[in-house]
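To find a chain, count down the sequence lines: A is the first, B the second, and so on, and within it residues start at 1.
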Number of protein chains: 2
Amino acid sequence: MTSQFTARCRQHSRSVEPLDCARCSVRDLAVCAALPPPAADALERHVTSLELQANAELARAGQPCRHAYSVTSGMLRLVRTLADARRQVVAFVLPGHFVGLSEHAVHRHGVEAVVPSRVCAFEIDGIRDLRERFPAFEHTLLDRACRELDDAHDAMLLLARLSPPERLASFLVRLRRQMSIPAHDPRMALPMGRGDIADHLGLTVETVSRSFTRLREQGVIALPDPHHVEILDPAALHELASALH
Amino acid sequence: MTSQFTARCRQHSRSVEPLDCARCSVRDLAVCAALPPPAADALERHVTSLELQANAELARAGQPCRHAYSVTSGMLRLVRTLADARRQVVAFVLPGHFVGLSEHAVHRHGVEAVVPSRVCAFEIDGIRDLRERFPAFEHTLLDRACRELDDAHDAMLLLARLSPPERLASFLVRLRRQMSIPAHDPRMALPMGRGDIADHLGLTVETVSRSFTRLREQGVIALPDPHHVEILDPAALHELASALH
DNA sequence: CGAAGTCTTGAAAAATTTCAATTCCGGTGG
DNA sequence: CCACCGGAATTGAAATTTTTCAAGACTTCG
């Protein structure tokens, strides 16, 4: 099953063998944890590990869905693009999370690496099979789908009704939580560029930049460089983001 | 189990007995269809039919989730409201659709009737029990959750990147599909008011109204009255809505 | 038939985007 | 090791869009 990856992403990804799920860094987080040992073995037979360069395309909107992916390191983005290049980053996907549980025949969004990343690719047929044989697996998937649905509803409220600084504050708070950054650590990395943030928050890069600047001027955050934020006033940040948390 | 409804919504809803699921008008659409006969019987024992007045509150954000609902007639809205009254209608729920599959302990949004409606209320515990006993049921729920997730992603793109007339056109196209209006029938009813549309599309009522007027002036639609639209130029409407369809 | 609420329309105000220019940063090669 | 190049980020000013504020028309329903 490796060949079609190397064919599609020849310059961007390579498959990495052998695979040792028992040592997987995200095993407890990932869907794999929901499976009893025999099922996990079955799963392993259907999995390929992939290494992705920054901006590598794992899938393109419109393509048939052949695999589901579990991220083990780095960060992915799910992207929808209109004919006139308007773009929306539907979600950023962090290690331990899963892409492609939908039963759609074709991808509804592109899947791209934000930074160099590693993912486990599962054959859809294998997943379907496991779903039928192990109710606990399906249960876990439903649970995750509901969580994602809640996230999407949060995102809708953010896009529909929050001001740019509120959107940015909410985004930072959510990202910190997704990355499991402890509250006492003020530092955080922003792996994605301003363009991705803008397309995630429904703004322009300029407005995102100005919102960063505003938060900095108000003493809420510091920006050592464009890819690092320091939370100086957590209370103020949460106040701004309060709508969604 | 009827008492807590009549207690909560005394002036707004009343429970209607007896219940005859075999004659349910949305049986084929509803989740109930996913259950084998013995399970359907089990389900019936946990269900109450409710009649709701327009604007009746079926659930309020923050309340514990005790029931899931299947709409049999009318229309519901899922609403999130911020402390300062900013509001977002996350979704309109039509007959055959299901509310409350999430396993959250508390409601994340209010559930309200847009127009006089009828719903079947299921006890959460009963649902959980059926999920465990009938994998097909869980499978159906997951399927629906994925569909809703796709819808939510569509909504995110709409809110993030479409112009007001594009949002309105997309909304009309989607609503026609949800209501199963055949393509050759130009007429459609808009049960909800402008405020609900505005809060669904992330706009103000004024902007919604101006967008309707714009579509009318361009000959795309006619507006016999505020609650009825006639599609005069389907091609133009779909062109505007093309981003999402 | 009348009152209340809803919808539409207009004009002013505010916010965001667009366009343009400058600065900054990381990577590359001398 | 440092200077330079190119993409990314920031900043400013003008233009556009949407909201806000205000008033009037229209339904809808009692």
- request: Using the test salt bridge (charged side-chain N to carboxylate O under 4.0 Å, His left out), find all partners of A:E166 that sit at least two apart in sequence or belong to another chain.
  value: B:R86
field: Rounded distance (Å) that lies between atom P of D:dT18 and atom CG of A:L159
entry: 16 Å
field: Pairs satisfying ring pair (Phe, Tyr, Trp, His ring centres under 6.0 Å), at least one member in residues 182-213 of chain B, at least two apart
entry: B:F92-B:H200, B:F171-B:H200
- request: Scan residues 145-170 of chain B for pairs that pass ring pair (Phe, Tyr, Trp, His ring centres under 6.0 Å), counting only residues two or more places apart or in two chains.
  value: A:H109-B:H153
query: Pairs in or reaching into residues 217-245 of chain B: which pass ring pair (Phe, Tyr, Trp, His ring centres under 6.0 Å), with residues at least two apart or in two chains?
result: none
- prompt: For every nucleotide of nucleotides 23-30 of chain D, 5' to 3': is a protein heavy atom under 4.0 Å from its base (B), only from its sugar-phosphate (S), or from neither (-)?
  reply: --------
query: Want to settle it: does A:G193 or A:R161 sit nearer the 5' end of DNA chain D, counting the closest nucleotide to each?
result: A:G193
task: May I ask you to decide if A:P226's main-chain N or O and A:R194's side chain share a donor-acceptor pair within less than 3.5 Å?
output: yes
A:H228 NE2 - C:dC24 P separation (whole Å): 18 Å
- request: Specify the residues of residues 197-216 of chain B, ordered by number, for which at least one heavy atom lies under 4.0 angstrom from an atom of DNA chain D.
  value: B:G202, B:L203, B:T204, B:E206, B:T207, B:R210
task: With sequence neighbours left out, write down each residue that passes side-chain contact (heavy atoms from CB on, under 4.5 Å) with B:A61, or none if nothing qualifies.
output: none
- request: Note the angle between the end axes of the helix from C:dC1-D:dG30 to C:dG30-D:dC1, five pairs defining each, rounded to 10 degrees.
  value: 40°
message: Please enumerate all residues that pass side-chain contact (heavy atoms from CB on, under 4.5 Å) together with B:A155, with sequence neighbours excluded.
response: A:M156
statement: Taken in chain and number order and not counting sequence neighbours, the residues that satisfy side-chain contact (heavy atoms from CB on, under 4.5 Å) with A:P191 are A:M75, A:V114, A:V115, A:M179
field: Partners meeting salt bridge (charged side-chain N to carboxylate O under 4.0 Å, His left out) with A:R108 (sequence neighbours left out)
entry: B:D150, B:D154
Can you check nucleotides 12-15 of chain C for protein contacts, nitrogen or oxygen pairs under 3.5 Å, and list what you find?
none

